[in-house]
Novice: 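Can you keep this structure in mind? I'll have questions shortly.
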Amino acid sequence: MAQRITIDPITRIEGHLRIDCDVDGGRVRKAWSSGQMWRGVELILLGRDPRDAWAITQRICGVCTTVHAIASVRAVENALKLEIPLNAQYVRNLIILAHAVHDHIVHFYHLSALDWVDVTSALKADPDATSKLAESLSSWHGNGRYEMRAVKERLKGFVDGGQLGIFTNGYWGHPAMKLPPEVNLLAVAHYLQALDIQRRANKIVSVLGSKTPHIQNVAVGGVANAISTDSQSVLGVERLMAIKGWIDELSDFVKNVYLIDVAAVGAFYADWTKYGAGVTNYLCVPDIPLDGKGTQFALPGGYVPNKDLAGFKAIKTFDDEFWAKGVAESSKHSWYEGSKALHPYQGETKPQYTDFKDDGKYSWLKSPTFYGKPAQVGPLSRVLCMLAAGHEPTKKYATAALDTVSALAKTKVGLDAMHSTIGRHAARAISCAVQVDMLADQWNLLVANIGKGDVRTFNKPTFPKGEIMGVGYHEAPRGVLSHWVVIDEGRIKNYQCVVPSTWNACPRNEKDEPGPYEASLADNPIADPERPLEVLRTVHSFDPCIACAIHVTDTENGSAIEVQAK
C-alpha cells in the first residue's frame, strides 16, 4: 500500500519547496513538486523605465543576484538592438564566471555533500591514511597529514562539546551512507577549506560589481566601470592583478579538490547512476559573448531531445528564432488564472490560490516547455549540449572526470552514467572546471583590449516610439535563465522571468507531463520513509532556487510570514 511522504520545507536550498512522494515497496511511485511562495516581481515592473528593471529583478533572490541583472539588461538591449563595448562584455563575463564558480563550489560542499558524507563517521578515520589517499589523487596543498589530524581534532571538539553547528541534523548513520571513514574525513576537511576558497570568487564579483550580492555596475548599454592604467580609484592594473591571483587560487581548488571529490563520491555511489534521470530533453543557451552584439560565444548552447546527442540543435545568437519561438509556460497545475500554455511575451501573472490538489493546482511555479515538451536545464544539460556541439574544453574535463571515477570504481563508467542524480554533480564539477579556465581567458581578453588603448564601457541607449520586444538569456549556474520584456513608449508593458528552477521544479504541464524534479524522483529507492534521505539527494542535485522561481506577498497585512527558529 502506498505511503505519502511530505517534506516541507526542503532545506539546504534557496526558497520554500515542498516535495510529496507516494512510496510503495521501498520506491517512489509518484511525486509532486510544489513551490510555496508567490512570484510578483513581474507586476512590480509594469509601467516602469526598462533601464531600472535590472536593479529590481536582482532582488528576486539574494543568491542568484548577478544573473538576473545580466538577463535583464540583455533583454532590453535585445529589444533596442543595442551593441555594447567589448570591455563591458568582458567585465560582465568575468562577473558571470566568478559567480558561477562560487555557486558550484558552495552547492557541492555546503548544500549537498552532507547527503553523501557521514560526518560523525569521520571520527573513526585514520588521518594519516586519509592524507595518503588524498595525496594519491591530487597535489592540493591542503591534503597533508597535519591538516587531516587538525580537522579530526576540530570535529571531535564539535561532537564532544555538543556543538555540531553546521553539521547538526544530518542523517548520520543512515543505511544509504556508504563512504569509508577516511573518505568522510577528507570530505569534511575539504568542506571547511571550501568555506575559505569560495571567498575568492566573491571578491572578484565585489571588485568588478561594487558589491555582492546585488552588483551595482551594470547598465543597459554596458557597465559603469571606469577603466584606467594609471589610477587606483578605478578598474586599473592593481585591481586586475588582484583578480588574476584569485582566479589562480580558484583554479587550483576546482581542479585538484572539487573535481576529484565529486569523482570519488561518484565511484562509491555508483549505484546512484541508475536513479534520477527523469526528463532527458536537455536545454542550454550559449553564453560568454565575445563580441558586442551577442553573435559569437565562448560556450555553445542548444537542445538535445530525449538524451540523443546526435539530435542536437544549436542555439547560436541572442536573436536565434529557434530559441525565441520555442518557450511557453502553462498554469494548468499552478496557482494562477488560466491553464493554456502562453509564450512569455503574452505571459500573465494573475494569482488564483486553490490549496494543494493532487490532480489540480498545487504550486506557485508555472510549467515551462520547449516546443511543447518539458526540458531539464542546468549543468548536466550544459555539459551534454556542449559535448554535442564538440566543445573541446568540456570534452577534456568530462573525460578526466569519468576516467577518475572508472579508476576508483575499478570498472568502466561511461557517458550514459551522467543521466542520473550523481551525474548532475559530476556535470556541475565539469562545468566549473571549464568556467574557471574561461575566467582566466576573459581576464586575458580584457587586459589585451585595454592594452590597445580601448577604455570604453558604455553605449547610451535610445528608446523609439511604439512597441518593441526583447529577450535576454543567460546560462546561469542552475541553467537557462531568460527575461522577456515588452516595451511601449519607453515603459514596460509586460515582463516575464522564466528561470532555471521554474524549468526544473515545475508542476505537471498542460499535457499533465511531470517536470524534471517530479520525473527524476520516480523509482528512487527509500530505505527509511521516516528519514527520506534519498529524496533529498535527487532534489539537491538540481540545486533548487525557489526564490528565483516564485515570491511571497501578503495582500492583507502587507508583510511576509514571520518564522521563528527554535
Side-chain angles (χ1 to χ4, degrees), residues 104-105 107-109 112-119 121-122 124-145 147-148 151-152 174-191 193-194 252-277 379-380 383-384 387 394-434 525 533-534 537-538 540-541:
H104 296 325
I105 292 172
H107 171 258
F108 179 69
Y109 287 100
S112 63
L114 300 185
D115 296 338
W116 312 90
V117 175
D118 189 333
V119 172
S121 163
K124 303 173 185 176
D126 176 349
D128 291 357
T130 300
S131 175
K132 184 177 180 180
L133 169 65
E135 290 178 338
S136 73
L137 296 173
S138 85
S139 59
W140 172 245
H141 63 80
N143 284 339
R145 63 183 185 275
E147 285 85 352
M148 297 304 151
V151 169
K152 183 176 179 181
H174 192 284
M177 292 289 194
K178 288 187 177 182
L179 296 182
E182 283 70 28
V183 178
N184 282 316
L185 178 59
L186 182 61
V188 172
H190 291 165
Y191 178 111
Q193 291 168 359
D252 187 16
F253 184 86
V254 168
K255 296 172 187 176
N256 289 308
V257 183
Y258 179 22
L259 202 59
I260 303 299
D261 285 351
V262 170
V265 170
F268 281 102
Y269 288 100
D271 54 323
W272 274 85
T273 60
K274 302 173 186 175
Y275 309 119
L380 179 56
V383 167
L384 293 175
L387 287 174
T394 302
K395 182 178 179 181
K396 179 179 76 171
Y397 287 114
T399 300
L402 291 171
D403 285 350
T404 302
V405 173
S406 299
L408 292 171
K410 296 181 172 57
T411 185
K412 180 65 176 176
V413 178
L415 190 61
D416 281 348
M418 298 285 285
H419 305 284
S420 65
T421 294
I422 203 72
R424 272 185 286 276
H425 286 292
R428 189 171 275 102
I430 292 162
S431 182
C432 190
V434 171
L533 172 63
E534 298 90 342
R537 283 179 172 173
T538 291
H540 282 158
S541 72

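What you are looking at is a predicted structure, and each value in this text was computed from that prediction instead of being measured.
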Novice: Rounded at 0.5 Å granularity, tell me how far CG in D115 sits from NE2 in H540.
Specialist: 5.5 Å
Novice: So, does S431 use its side chain to make a donor-acceptor pair with the main chain of R428 at under 3.5 Å?
Specialist: no
Novice: Quick check: do V265 and F108 have side-chain heavy atoms less than 4.5 Å from each other?
Specialist: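 Yes, their side chains come closer than 4.5 Å.
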Novice: Quick check on side chain to side chain contact (heavy atoms under 4.5 Å, CB included): which of M148, E182, R145 does D128 satisfy it with?
Specialist: R145
Novice: Would you compute the distance between atom OG of S112 and atom NE2 of H425 and round it to the nearest 0.5 angstrom?
Specialist: 4.0 Å
Novice: To the nearest 0.5 Å, how far apart are CD1 in I430 and CG in L387?
Specialist: 7.5 Å
Novice: When you look at N143 and H190, which way does the side chain to side chain donor-acceptor pair (under 3.5 Å) test go after all the steps?
Specialist: CA-CA 9 Å; N143 284 339; H190 291 165; 2.8 Å; yes
Novice: Identify the heavy atoms of N184 and L179 that sit nearest to each other, and give their distance.
Specialist: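 Minimum heavy-atom separation between N184 and L179: ND2-O, 3.0 Å.
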Novice: Measure across A125 and K152 and return the closest heavy-atom pair with its distance rounded to 0.1 Å.
Specialist: O-NZ, 2.7 Å
Novice: Determine the interplanar angle of the W272 and W116 rings, folded into 0 to 90°, and report it as parallel if under 30°, tilted if 30 to 60°, perpendicular if over 60°.
Specialist: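 Ring orientation, 0 to 90° scale: perpendicular.
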Novice: What distance separates H104 NE2 from C432 SG, expressed to the nearest 0.5 Å?
Specialist: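 Here the interatomic distance stands at 5.5 Å.
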Novice: To the nearest 0.5 angstrom, please state how far the CD atom of Q193 sits from the OH atom of Y258.
Specialist: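 Between atom CD of Q193 and atom OH of Y258 there are 16.0 Å.
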Novice: Of all the heavy-atom pairs spanning A176 and L533, show the shortest one and how long it is.
Specialist: CB-CD2, 4.3 Å
Novice: Please round to the nearest 0.5 Å and tell me the distance separating atom OH of Y269 and atom CE of M177.
Specialist: 5.5 Å
Novice: Do V151 and T130 have side chains that approach each other closer than 4.5 Å (heavy atoms only, starting at C-beta)?
Specialist: no
